[in-house]
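Below is one structure; the comments refer to it alone.
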Amino acid sequence: MSSVLTVRGGVPLSGRVKVRGAKNLVPKAMVAALLGNSASLLRNVPAIKDVDVVTSLLQLHGVRVDQDPVSGDLTLDPTGVTTASTALIETHAGDSRIPILLCGPLIHAIGEAFIPDLGGCRIGDRPIDYHLDVLRKFGAVVEKLDTGIRITAPHGLHGAKISLPYPSVGATEQVLLSATRAEGITELTGAATEPEIVDLIAVLQKMGALISVQTDRTIRIEGVPQLGGFVHRALSDRNEAASWASAALVTRGDIYVDGATQRDMMAFLNIFRKIGGGMDIEDDGIRFYHPGGPLSPLVLETAVHPGFMTDWQQPLVVALTQADGVSIVHETVYENRFGFTDALVRMGSNIQLHRECLGSIPCRFGQRNFQHSAVISGATPLRGAQIDVPDLRGGFSHLIAALAASGTSRVTGIDVIKRGYEHFIDKLEGLGADIDLHAERAR
């Protein structure tokens with residue numbers, strides 16, 4: 001059986017939603033608990049699939065995970081950590097890419113790690129080569145098996161000088177989780193510096209790690225022989241907050257996002273205001289609304305932090321279909337992130353994809369035949385359609401379009417959205433969306 005969401009569009013979304021801990025931090029903080037010699041407490045944990053996957057993987061390795069039934073806070077006790085069956089790891093990991101980040105902590109804890117064949121969203125080539133190269137530089141031995149990859153470190157992990165060719169968030173996390181207990185000093189240049197990375201560093205520092213961040217994307221880690229537990233409240237999910245902001249704009253609605261933080265969303269807030277969106281910034285959240293009148297087109301390029309996040313791009317493209325004039329979006333982070341626009345075109349939008357870099361700076365995809373720039377002409381009325389969710393952010397973007405469209409849309413594959421959006425069906429209903437969820441037998 002598969003879930004199908006029927007969306008009857010044309011209803012402005014109005015009301016209040018709450019966002020909790022960031023999908024791009026919470027699972028990594030849970031993995032960090034493996035490095036400690038005592039229990040950790042993680043607060044502001046969202047009820048999303050990625051948290052369930054990491055919980056299962058940690059429990060398979062002997063970590064005790066207890067969740068407070070009221071607050072949702074997680075207590076993670078790694079004192080009983082042990083090896084796990086490769087078959088069970090593969091089963092519980094599913095299509096998640098998170099297992100790669102368990103490698104460093106597991107090598108420190110039990111001397112080995114196993115990575116099953118990895119999945120993840122279909123938004124571009126996201127190879128694990130960076131991760132494997134990083135682990136090799138620390139002294140790990142990588143062995144490819146029929147079912148995945150086994151990683152060991154016969155002589156332990158040792159500090160290293162590492163330079164990333166691109167500021168990859170995942171590779172930076174790999175270095176942080178591996179280097180904190182490696183012998184010696186690690187210097188990472190070309191590091192990602194997203195707020196979620198800084199929050200992970202805060203978690204590790206609470207555990208006893210010695211980590212300094214320089215202004216030139218250099219991170220220096222002095223390895224320590226042991227770490228303790230942590231007590232930490234995860235930063236809020238800025239990606240979910242931006243998605244609800246775009247939903248308010250596209251549906252001509254008014255949504256207060258409890259937990260949205262100005263500090264981590266400044267690049268988004270500037271663009272939101274340039275398009276013509278209204279906002280009221282408060283200490284506990286941000287109100288996003290359509291103030292009436294036409295929306296303005298713009299030229300936009302995604303970039304690593306502190307630029308405009310790639311995860312903000314997809315829901316914002318839906319808003320740009322409703323702007324009067326021509327907008328240009330240049331995607332520089334994931335080369336195939338515009339695949340979701342096929343459904344938008346079927347719904348009536350005018351979007352043309354290009355292989356050229358339609359931006360101020362040529363990016364690494366410009367000569368590689370990827371359609372990574374989009375020209376969006378608007379405003380165009382949207383109409384309901386049959387939609388199959390392609391990936392996490394694209395899927396939520398399709399929902400936004402369906403909610404704004406005239407007529408009825410039938411959306412399949414919505415379980416993908418559960419990876420990063422907590423209780424999103426309940427939230428949509430609370431905002432007044434006219435939707436029905438039911439199960440159908442797979443054809």
Side-chain angles (χ1 to χ4, degrees), residues 24 120-127 164-171 190 192-195 217 238-239 242-243 245-246 249-250 264-277 295-345 347 349-380 390-398 400-401:
N24 289 342
C121 289
R122 303 187 297 273
I123 56 176
D125 185 19
R126 292 162 54 158
L164 297 179
Y166 183 79
S168 160
V169 169
T193 58
E194 272 69 4
R217 292 191 178 274
R238 60 197 178 120
N239 296 334
S243 295
S246 295
L249 202 56
V250 174
D264 298 332
M265 297 181 66
M266 286 185 171
F268 177 84
L269 298 179
N270 287 336
I271 295 299
F272 189 83
R273 185 164 277 156
K274 284 182 179 181
I275 293 176
L295 300 179
S296 301
L298 50 74
V299 176
L300 174 67
E301 291 184 271
T302 65
V304 296
H305 185 76
F308 191 91
M309 278 196 71
T310 179
D311 285 342
W312 297 336
Q313 175 256 107
Q314 290 165 296
L316 197 80
V317 162
V318 184
L320 291 175
T321 68
Q322 303 308 298
D324 287 351
V326 177
S327 297
I328 298 174
V329 180
H330 180 208
E331 171 62 50
T332 74
V333 180
Y334 290 130
E335 64 270 31
N336 289 328
R337 198 144 214 178
F338 284 122
F340 81 105
T341 60
D342 290 346
L344 298 183
V345 171
M347 298 178 78
S349 62
N350 185 347
I351 302 174
Q352 296 178 328
L353 302 184
H354 297 266
R355 293 178 173 84
E356 295 78 19
C357 293
L358 301 183
S360 59
I361 301 175
C363 77
R364 60 198 174 120
F365 306 134
Q367 304 301 320
R368 296 175 58 192
N369 210 33
F370 294 116
Q371 291 185 319
H372 69 295
S373 294
V375 176
I376 305 149
S377 302
T380 52
D391 61 77
L392 177 61
R393 306 299 170 190
F396 197 86
S397 303
H398 288 160
I400 292 174

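Worth saying up front: this structure is predicted, and the values here are computed from it rather than measured.
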Applying side chain to side chain contact (heavy atoms under 4.5 Å, CB included), can you list everything that pairs with S243, at least two apart in sequence or on another chain? P315, F396, Y421
List for me each residue that meets side-chain hydrogen bond (donor to acceptor under 3.5 Å, both in side chains) alongside [X], sequence neighbours excluded, and say none if there are none.
X	answer
R364	none
R217	T193
N270	none

Under the side-chain contact (heavy atoms from CB on, under 4.5 Å) test against L249, which residue among L295, V318, I400 passes? L295
Shortest non-hydrogen contact from [X] toward [Y]:
X	Y	answer
P390	G395	CD-N, 4.1 Å
I351	V345	O-CG2, 4.0 Å
L320	S296	CD2-O, 4.5 Å
F340	H398	O-NE2, 2.8 Å

Quick one: does any side-chain atom of T310 pair with a main-chain N or O of V333 as donor and acceptor, under 3.5 Å? no
Examine distances only and state if a side-chain atom of Q322 and a backbone atom of T380 form a donor-acceptor pair shorter than 3.5 Å. yes
Parallel, tilted or perpendicular: which describes the rings of F370 and F365, with under 30° parallel and over 60° perpendicular? perpendicular
Listed partners of F338 passing ring-ring contact (aromatic ring centres under 6.0 Å, His included), at least two apart: none
Quick one: which of Q313, H372, Q314 gives a side-chain hydrogen bond (donor to acceptor under 3.5 Å, both in side chains) with R337? Q314
Quiz: residues 298-308 side-chain donor-acceptor pairs under 3.5 angstrom, not counting sequence neighbours:
unit_1: E301; atom_1: OE1; unit_2: S360; atom_2: N; d: 3.2
unit_1: E301; atom_1: OE1; unit_2: S360; atom_2: OG; d: 2.8
unit_1: E301; atom_1: OE2; unit_2: H330; atom_2: ND1; d: 2.8
unit_1: T302; atom_1: OG1; unit_2: E331; atom_2: OE1; d: 3.4
unit_1: T302; atom_1: OG1; unit_2: E331; atom_2: OE2; d: 3.2
unit_1: T302; atom_1: OG1; unit_2: T332; atom_2: N; d: 2.9

Would you say that N24 contacts V169 through its side chain, given a criterion of any heavy-atom pair below 4.5 Å between the two side chains? no
